[in-house]
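Atoms within each ligand, like the ligands themselves, are counted from 1 in listed order. All values reported here derive from a predicted model rather than from experimental measurement.
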Amino acid sequence: MSSAIPIWGPPGIPIANSDQTFPVRRIYTIGRNYADHAAETGLGGTSGSVPGISLKPADSLLTDGGILPYPAATRHLDPEIEMVVAIGRDGEDLAPEDALEHVYGYAVGFDMIRRDIMHDCIANEHSWDLCKSFAGASPVGLLHPVAEVGHPHTGEIALEVNGELRQQGDIGQLIWKTADIIAKLSSYAPVRAGDIVFTGTPKGPKAVEPGDRLAGQISGIGTLHISIK
Ligand code: MN
């Protein structure tokens with residue numbers, strides 16, 4: 001059987017110190033996973049048994065150094081700096097103590113959100129998908145394999161916009177830790193090689209505008225730079 005339309009390749013994250021890329025299958029995001037950000041949303045913390053899980057389309061990936069066109073239908077575009085975990089091996093119903101064996105590596109990401117659409121969706125009890133689904137909604141920096149960076153459990157996470165500090169925290173503050181997140185995701189559906197997970201943001205996301213330059217950093221992992229057009 002042949003394809004009726006041209007077949008596209010999966011988007012890829014360049015791997016640090018390598019000429020390889022990491023093909024992206026699915027993008028998960030975990031919400032309200034830092035207590036200080038959960039408090040400022042007014043939505044409360046992620047509950048004890050189930051984290052807030054959303055999906056973004058894989059083709060919303062934007063690689064390091066990319067330019068994000070200001071998206072349609074919004075007047076409030078927020079970047080959320082987050083640690084990104086890349087899954088390198090399939091797994092189902094994983095125990096937390098086995099989950100880290102399925103991690104390929106780590107990167108810095110910006111979970112870009114049309115915040116005004118998010119609030120409209122909440123007010124109307126609609127799903128949030130549209131607020132996180134647009135071209136360039138998922139910038140991710142160079143991917144750093146576990147062989148290079150290990151499994152970072154602490155480290156400063158910070159976002160600067162035009163050289164001004166906007167968000168600052170530590171990945172040690174994650175409520176759902178990397179292993180817990182992967183185990184939980186794998187209880188709903190098998191995790192697959194190529195899946196990536198945005199693990200949540202600390203307090204302080206603030207709207208960006210065309211012309212802004214965003215610089216993210218996580219100690220022990222790496223950096224991410226994009227600009228808004
Ligand atoms: Mn987020």
Interatomic distance, OG@Ser133 vs CZ@Arg114, rounded to 0.5 Å, equals 7.5 Å
Same cluster (ILVMFWY, side-chain, under 4.5 Å), Leu143 and Val197 = no
In chain order, what residues pass the salt bridge (charged side-chain N to carboxylate O under 4.0 Å, His left out) check against Asp90, with sequence neighbours excluded?
-> Arg192
Criterion side-chain contact (heavy atoms from CB on, under 4.5 Å) on His37 and Gln173, from CA distance to verdict = CA-CA 11 Å; His37 174 62; Gln173 297 167 318; over 6 Å; no
Hey, could you give me the CD1/CD distance between Ile171 and Glu82, rounded to the nearest 0.5 Å?
-> 12.5 Å
Among protein atoms, how many N/O/S atoms lie less than 2.8 Å from the Mn ion (ligand 1)?
-> 3
Run the side-chain contact (heavy atoms from CB on, under 4.5 Å) check on Ile122 and Trp128 step by step: do they pass?
-> CA-CA 7 Å; Ile122 292 170; Trp128 293 15; 3.5 Å; yes
